[in-house]
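Take a look at the structure below.
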Amino acid sequence: MAQAYHVEATYATPVSTEIETFDLPVEGTLPPELCGDYIRNGPNPKPGAKAGHLFMGDGMLHGIRIEQGRARAYRNRWVRTRQFVDDAPYIRWNGTIDLTVGSANTNIIAHGNRLLALVESSFPTEVTRELATTGVYDFDGRLKAPFSAHPKLDPRTGELHGFGMQIRPGALSYHRIDASGTLLESRNIPVRGVTMMHDFALTERYAIFMDLPVVFDMLLGIRGKFPYRWSDSYDARLGIVDRADPAAAVRWLEIEPCYVFHVLNAFESGERIVIDVVRYRELWRSGNDAFGPTTLHRFTVDPAAGRVSEATLDERSIEFPRIDERLTGSPHRYGYAVAVGASGKGSAELRKYDLTNGSSVDHDFGPGRVPGEAVFVPAAAGEDAGWLMCYVYDAARDRSEFVLLDASNVAAPPVAVVPLPVRVPLGFHGNWIPENV
Ligand SMILES: [Fe+2]
């Protein structure tokens, strides 16, 4: 990760303690209507843990409580998984997989009145707003497969759609959960092999899966490495699944070889499907610690013709794309992402894309300051009427801040900054959990 993000080692280094602090100072103004918790997940191996790949570290949650214009509390807590508490093995002695074991290190979502910490290899782990771990959550015994860290909430129906790639035996499940949190369906999607499938796309009629040439390799796992590598012999494909018809055949359409961790959004345009992603030309050909440059990329699928056309929307490296999620599956104008070291000052910017007019604007946090993924929090009707919130690491002070930007005016100074007494290390995904969720 360090190669792509040009970050100081101190930013990537795990923290070794859990803290809890109350009534933090606020610079600027926290909007009084914001009431809830911003919680971000990321790998943070426990002290004494065996050195391993970044993706395998124990999940740690960093939460800040915002209420009535005040920053009431900040706390960080490891997720007390069976991996964390007992060093329980994911692969049992007889070679079978224990889905109740996982790092829970990738994302945290709220659905069906539960907070779930997620990692794609395993079942979710339920936690509380105070970041205490409740335990493994398998949807009352209905979940029989892994659950991705990137489920999508369909704003039209309130349903949560997710998936899971099981490594042994190789199988892809497409999960559908109703608005109240009941797992309704886990549909089997036939695949050729076991690949690293990190995200997917959802439109009104379709779910789109990305079967890409980063393949599972058990030998790497046995050697203690992250068990995935690039394969030149595995074709890259998009799988188009009809949401409404479980009996319909999956349409697999070939694309240029690439890897995609994250989808910005997808939508239908007439009979075509548009999917915007952050694309790596290749990933992990030699070793799996480095992350190459990316582009913002558009797939346009013509299901009738069985073709996918591809276009680069922006050549500059980004990661952690997010949209106004009221538009998941619908046409979007704006997208937000972390711009990777564009300024060359050991820093990174937060970029807002206007995909209607092909422009972008950056928020520059200053030298040595690096934002993590920013989540869009709506304030009113209108696609960019809201805030962006994220943690920003400041190398000079070796501390982090919670920062709130006006999404309609990203380049402007922050609306509010809450300096934290600690560092929030490089992590993955977070979400704003409003009080009434
Ligand atoms: Fe992710």
Side-chain angles (χ1 to χ4, degrees), residues 1-2 4-5 7 12 38-44 53-62 79 102-111 116-125 146-153 160-165 172 175 195-202 207-212 214 226-228 258-266 275-280 283-284 288-292 294-297 317-323 325 328 335-340 348 350 370-376 389-391 424-432:
M1 191 65 75
Y5 286 86
V7 293
Y38 170 67
I39 308 176
R40 201 220 64 189
N41 204 343
N44 193 101
H53 193 274
L54 171 72
F55 286 7
M56 298 166 85
D58 302 290
M60 178 179 273
L61 300 167
H62 299 262
V79 186
S103 60
N105 71 8
T106 311
N107 201 353
I108 176 161
I109 63 159
H111 190 72
L116 302 175
L118 303 172
V119 65
E120 66 198 39
S121 59
S122 308
F123 289 157
T125 301
F147 194 87
S148 163
H150 285 287
K152 306 265 185 271
L153 185 77
L160 187 72
H161 291 244
F163 67 95
M165 175 68 86
L172 175 62
H175 308 301
T195 60
M196 185 167 71
M197 194 177 284
H198 185 70
D199 198 355
F200 81 128
L202 191 73
I208 302 104
F209 295 94
M210 298 178 290
D211 184 30
L212 304 176
V214 173
F226 195 64
Y228 292 90
C258 69
Y259 192 72
V260 172
F261 282 106
H262 298 123
V263 172
L264 175 67
N265 191 32
I275 310 158
D276 288 346
V277 304
V278 175
R279 178 184 190 266
Y280 295 73
L283 183 78
W284 298 346
N288 55 18
D289 290 324
F291 295 79
T294 66
T295 54
L296 180 60
H297 194 79
S317 282
I318 53 167
E319 250 303 355
F320 299 121
R322 296 291 293 253
I323 58 158
E325 284 162 9
T328 297
Y336 309 93
V338 177
V340 181
L350 202 60
V370 182
E373 178 195 62
V375 59
F376 176 87
M389 55 176 68
C390 62
Y391 292 122
V424 176
L426 174 69
F428 295 143
H429 306 288
N431 279 298
W432 170 248

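Counting starts at 1 for both ligands and their atoms, following the listed order. Numbering starts at 1 and runs along the sequence shown. The basis for the numbers below is simple: all heavy atoms, side chains too, and nothing from hydrogens, waters or symmetry mates.
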Under 2.8 Å from the Fe ion (ligand 1), which protein atoms of type N, O or S occur, listed by chain and number?
His150 NE2, His198 NE2, His262 NE2, His429 NE2
Verify whether the ring centers belonging to Tyr391 and Phe320 lie closer than 6.0 Å.
no
With ring centroids as reference points, do Tyr259 and Trp284 lie under 6.0 angstrom apart?
no
Donor-acceptor pair, side chain of Asn44 and main chain of Met60, under 3.5 angstrom
no
With Ser103, which residues qualify under side chain to side chain donor-acceptor pair (under 3.5 Å), at least two apart?
Asn105
Could you pull out all residues at least two apart from Asn107 that satisfy side chain to side chain donor-acceptor pair (under 3.5 Å)?
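So Asn107 forms a side chain to side chain donor-acceptor pair (under 3.5 Å) with Asn431.
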So, using side chain to side chain contact (heavy atoms under 4.5 Å, CB included) as the criterion, who are the partners of Pro146 when residues are at least two apart?
Leu99, Gln166
